[in-house]
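The figures here come from the full heavy-atom set of this structure, side chains too, leaving out hydrogens, waters and symmetry mates. Position 1 is the first residue of the sequence, and the numbers go up from there.
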Amino acid sequence: MRYQDKHGNEITEGMYLRFEDGSVEQVYAWQTGDESDLGINASNEAYLQAHGLGEFPQELYPLSEFDLSEVEVCEPEMEPWQLGMMG
């Protein structure tokens with residue numbers, strides 16, 4: 001399935017999306033049988049890491065569940081401590 005943001009930009013795996021509430025999520029791809037789709041992480045990453053439960057995401061919310069007319073492709077958000085690592 002193909003998805004577009006509110007500006008008509010195609011959404012692909014690895015991109016970041018900014019939602020209407022300001023949250024930013026990475027886009028992941030997954031395959032179920034013959035079906036492939038895109039989604040965002042539904043797993044609590046901190047919980048998975050703290051309990052040694054493997055790589056994340058383990059569960060995804062499909063992009064088809066969202067109103068993408070209010071979503072836009074964006075650059076990943078960085079924590080303030082990461083900004084000094086860029087230069």
Side-chain angles (χ1 to χ4, degrees):
M1 182 173 267
R2 295 177 61 133
Y3 298 100
Q4 293 180 335
D5 73 357
K6 67 181 184 180
H7 304 292
N9 299 312
E10 183 176 3
I11 299 170
T12 59
E13 178 182 11
M15 290 182 158
Y16 289 83
L17 302 178
R18 179 175 295 112
F19 287 81
E20 190 174 22
D21 68 358
S23 63
V24 175
E25 298 285 345
Q26 185 172 1
V27 177
Y28 296 92
W30 84 84
Q31 187 80 24
T32 324
D34 292 336
E35 303 271 328
S36 62
D37 205 355
L38 298 174
I40 61 169
N41 190 3
S43 304
N44 181 325
E45 296 173 16
Y47 180 87
L48 293 176
Q49 288 178 339
H51 293 88
L53 295 176
E55 295 295 314
F56 51 85
Q58 292 189 348
E59 186 176 349
L60 296 170
Y61 295 124
L63 290 186
S64 60
E65 292 184 8
F66 297 94
D67 176 5
L68 298 177
S69 69
E70 297 298 327
V71 173
E72 64 184 336
V73 172
C74 68
E75 294 298 317
E77 300 285 316
M78 290 194 287
E79 298 295 328
W81 61 270
Q82 292 175 307
L83 294 175
M85 298 172 62
M86 298 301 293

Open item on the list: For the CG atom of Leu68 and the CZ atom of Phe19, what is their distance to the nearest 0.5 Å?
Closed with: 7.0 Å
TODO: Output the distance between atom CZ (Arg18) and atom CD (Glu75), rounded to the nearest 0.5 Å.
DONE: 9.5 Å
Task: Asn41 to Glu25 - nearest heavy-atom pair and separation - done: O-OE1, 4.4 Å
- [ ] To the nearest 0.5 angstrom, please state how far the CD atom of Gln4 sits from the CG atom of Asn9.
- [x] 8.0 Å
Task: Over 12 foreign heavy atoms within 6.0 Å of CG, Asp21 - done: yes
TODO: State, to 0.1 Å, how close Asp5 and Glu72 come at their nearest heavy-atom pair, and which atoms those are.
DONE: OD2-CA, 3.5 Å
Task: Heavy-atom side-chain proximity of Leu17 to Leu63 below 4.5 angstrom - done: yes
TODO: Would you name the heavy atoms of Glu13 and Leu38 that are closest together and state the gap between them?
DONE: N-CD2, 4.0 Å
Open item on the list: Please evaluate residues Val27 and Thr12 with respect to the criterion side chain to side chain contact (heavy atoms under 4.5 Å, CB included), reporting the C-alpha separation (whole Å), side-chain torsions for both, the decisive distance (0.1 Å), and the verdict.
Closed with: CA-CA 7 Å; Val27 177; Thr12 59; over 6 Å; no
Open item on the list: Testing the basics here: between Tyr16 and Gln26, what is the closest heavy-atom pair and its distance to 0.1 Å?
Closed with: OH-OE1, 3.4 Å
TODO: Would you mind reporting whether Ile40 and Leu60 have side-chain heavy atoms less than 4.5 Å apart?
DONE: no
- [ ] Decide if the gap between the ring center of Tyr3 and the ring center of Phe66 is smaller than 6.0 angstrom.
- [x] no
Open item on the list: Glu10: which residues meet the salt bridge (Lys or Arg N to Asp or Glu O under 4.0 Å) condition with it, sequence neighbours left out?
Closed with: Arg2
TODO: Mind checking the CD-CH2 spacing from Glu35 to Trp30? Nearest 0.5 Å is all I need.
DONE: 10.5 Å
